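The structure displayed is predicted, hence computed values, not measured ones.
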Amino acid sequence: MELVIPNVETEEEVAFLAQLASEIWCEYFVCIISNEQIDYMVEKFQSVHAITVQIKNQGYEYYFMNVNGKTIGYLGIKQEEGKLFLSKFYIQKEHRGKGYASQAMEFLVEICKDRRLGIIWLTVNRYNDATIAVYEKKGFRTVRTQVADIGNGFVMDDNIMEKEIVLE
């Protein structure tokens, strides 16, 4: 199946994205962080308001991942000095393991080549072993760890991972 990756632009698309984010986060992260932290993080980082501010004021770009006209996940990126920050990369449970992550990663590498960005970097919860293994398979390596206070008594305990992009 071919993955189509359209840009999220309209208010309706942002609202749909926020709903999708909530569904995926509640399904996926329940075994890694508490429900209270999931709810807090979704509201703080993936609500309609948060996504709108990120797109309009902070330089973020969001993309849907669509297969046969159905949205199966999403990406959030931010271009920085010489690097691409991969902020969000989520696929619904029933669509994982079907090669869509590889197609989306190819899309991200092409963005890097087009924009002359030599590194993709991301943060991943350091207890999220399955996702870390996927990123390692895609050529990422852990460069450091960080604990970030995100408010309300919660922290993000993350690995910082990077993938070098060969620019011709």
Enquirer: Mark yes or no for whether R96, through its side chain, and I91, through its backbone, hold a donor-acceptor pair below 3.5 Å.
Expert: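 The answer is yes, because a donor-acceptor pair under 3.5 Å joins these two groups.
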Enquirer: Heavy atoms, side chains only, cut-off 4.5 Å: are T52 and V48 in contact?
Expert: yes
Enquirer: Is there a chain of hydrophobic side chains (I, L, V, M, F, W, Y, each step under 4.5 Å between heavy atoms) that links V109 to V4?
Expert: no
Enquirer: Could you tell me whether the side chain of L17 reaches within less than 4.5 Å of the side chain of I51, counting heavy atoms only?
Expert: yes
Enquirer: Using 0.5 Å steps for rounding, measure from the CG atom of L20 to the OH atom of Y90.
Expert: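 If we round to the nearest 0.5 Å, L20:CG and Y90:OH are 11.5 Å apart.
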Enquirer: Given 3.5 Å as the limit, does a donor-acceptor pair link the side chain of D158 with the main chain of I160, or not?
Expert: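 Checking the backbone N and O of I160 against the side chain of D158, no donor-acceptor pair under 3.5 Å is found.
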Enquirer: Are side-chain heavy atoms of Y100 and I72 found at a separation under 4.5 Å?
Expert: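 They are in contact (side-chain heavy atoms under 4.5 Å apart), so the answer is yes.
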Enquirer: Do F154 and E36 pass the side-chain contact (heavy atoms from CB on, under 4.5 Å) test, and can you show the C-alpha distance, the side-chain angles, and the key distance before you say yes or no?
Expert: CA-CA 9 Å; F154 298 117; E36 293 78 18; 4.0 Å; yes
Enquirer: Please name all residues satisfying side chain to side chain contact (heavy atoms under 4.5 Å, CB included) with E94, sequence neighbours left out, ordered by chain then number.
Expert: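 Here the qualifying residues are Q92.
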Enquirer: Quick test of your reading of the model: are D157 and R126 salt-bridged, counting only N-O distances below 4.0 Å?
Expert: yes
Enquirer: Between OG1 of T71 and NE2 of H95, what distance do you get to the nearest 0.5 Å?
Expert: 9.5 Å
Enquirer: Checking E106 side chain against A101 main chain: does a donor-acceptor pair fall under 3.5 Å?
Expert: no
Enquirer: Please determine whether a side-chain nitrogen of the Lys or Arg among K138 and E162 lies less than 4.0 Å from a carboxylate oxygen of the Asp or Glu.
Expert: no
Enquirer: Go through F107 and L75 one step at a time and tell me if the side-chain contact (heavy atoms from CB on, under 4.5 Å) criterion holds.
Expert: CA-CA 10 Å; F107 170 78; L75 299 164; 4.0 Å; yes
Enquirer: So, Y135 side chain and K163 main chain: donor-acceptor pair closer than 3.5 Å or not?
Expert: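 It does not hold such a pair.
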Enquirer: Can you check whether A21's main-chain N or O pairs, donor with acceptor, with Q46's side chain at less than 3.5 Å?
Expert: no
Enquirer: With a 6.0 Å cut-off (strictly less than), is the heavy-atom count around NZ of K98, excluding the residue itself, greater than 12?
Expert: yes
Enquirer: Any heavy-atom pair between the side chains of Y63 and P6 that's under 4.5 Å?
Expert: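 No, their side chains stay 4.5 Å or more apart.
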Enquirer: Do you see a donor-acceptor pair shorter than 3.5 Å between the side chains of E13 and Y62?
Expert: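 Absent: no donor and acceptor within the cut-off.
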Enquirer: What about the rings of F89 and Y74, do their centers lie closer together than 6.0 Å?
Expert: no
Enquirer: Any idea which heavy atoms bring K44 and I150 closest together, and the distance?
Expert: CE-O, 3.4 Å
Enquirer: So, do L108 and L86 sit near enough that their side-chain heavy atoms are less than 4.5 Å apart?
Expert: yes
Enquirer: As an exercise, state the distance from OH of Y40 to OG of S34, rounded to the nearest 0.5 Å.
Expert: 12.0 Å
Enquirer: Taking all non-hydrogen atoms of both residues into account, name the closest pair between M65 and L3 and its distance.
Expert: CB-CD1, 3.7 Å
Enquirer: Under a 4.5 Å cut-off applied to non-hydrogen side-chain atoms, are F16 and V8 in contact?
Expert: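 Side-chain contact under 4.5 Å: no.
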Enquirer: Under 4.5 Å between side-chain heavy atoms, counting indirect links through other Ile/Leu/Val/Met/Phe/Trp/Tyr residues: same cluster for I55 and F45 or not?
Expert: yes
Enquirer: Can you check whether I77 reaches F85 side chain to side chain, under 4.5 Å on heavy atoms?
Expert: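 A side-chain contact is absent here, since even the closest heavy-atom pair is not under 4.5 Å.
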Enquirer: For the CD atom on E80, are there more than 12 heavy atoms of other groups (residues, nucleotides or ligands in this structure) within a distance under 6.0 Å?
Expert: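 Buried by this count: over 12 neighbours within 6.0 Å.
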Enquirer: Taking a hydrophobic cluster as the set of Ile, Leu, Val, Met, Phe, Trp and Tyr residues connected by side-chain heavy atoms closer than 4.5 Å, whether directly or through intermediates, do V134 and I165 fall within one such cluster?
Expert: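 Different hydrophobic clusters.
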Enquirer: Is a donor on one side and an acceptor on the other found under 3.5 Å between the side chain of N7 and the backbone of E9?
Expert: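 The answer is no, because no donor-acceptor pair under 3.5 Å joins these two groups.
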Enquirer: How close do A18 and S47 get, counting heavy atoms only, and between which atoms?
Expert: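 Distance-wise, the nearest heavy atoms are CB-C, 4.0 Å.
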Enquirer: With no hydrogens and no angle check, do the side chains of T145 and N159 hold a donor and an acceptor under 3.5 Å apart?
Expert: no
Enquirer: If you apply the rule salt bridge (Lys or Arg N to Asp or Glu O under 4.0 Å), what do you find for E81 with R116, and how did you get there?
Expert: CA-CA 10 Å; E81 212 167 292; R116 309 294 300 157; over 6 Å; no
Enquirer: Taking all non-hydrogen atoms of both residues into account, name the closest pair between G73 and I24 and its distance.
Expert: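 Taking every non-hydrogen atom into account, CA-CD1, 4.4 Å.
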Enquirer: Can you hop from M41 to V155 via hydrophobic side chains spaced under 4.5 Å?
Expert: no
Enquirer: Specify the closest pair of heavy atoms between L167 and C112, including all atoms of both residues, with the distance to one decimal.
Expert: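 The answer is CD2-O, 3.9 Å.
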Enquirer: Quick check for you: to the nearest 0.5 Å, what is the distance between K83 atom NZ and E164 atom CD?
Expert: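 Separation between the atoms: 10.0 Å.
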Enquirer: Pair I132, M161 - check side-chain contact (heavy atoms from CB on, under 4.5 Å), show working.
Expert: CA-CA 9 Å; I132 291 169; M161 300 185 78; 4.3 Å; yes
Enquirer: Side-chain contact, heavy-atom cut-off 4.5 Å: Q146 with M156?
Expert: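 No, side chains not in contact.
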Enquirer: Can you tell me how far the CD1 atom of I120 sits from the CE atom of M105, to the nearest 0.5 Å?
Expert: 5.5 Å
Enquirer: Is a side-chain N or O of K78 found less than 3.5 angstrom from the main chain of Q58, in a donor-acceptor match?
Expert: yes
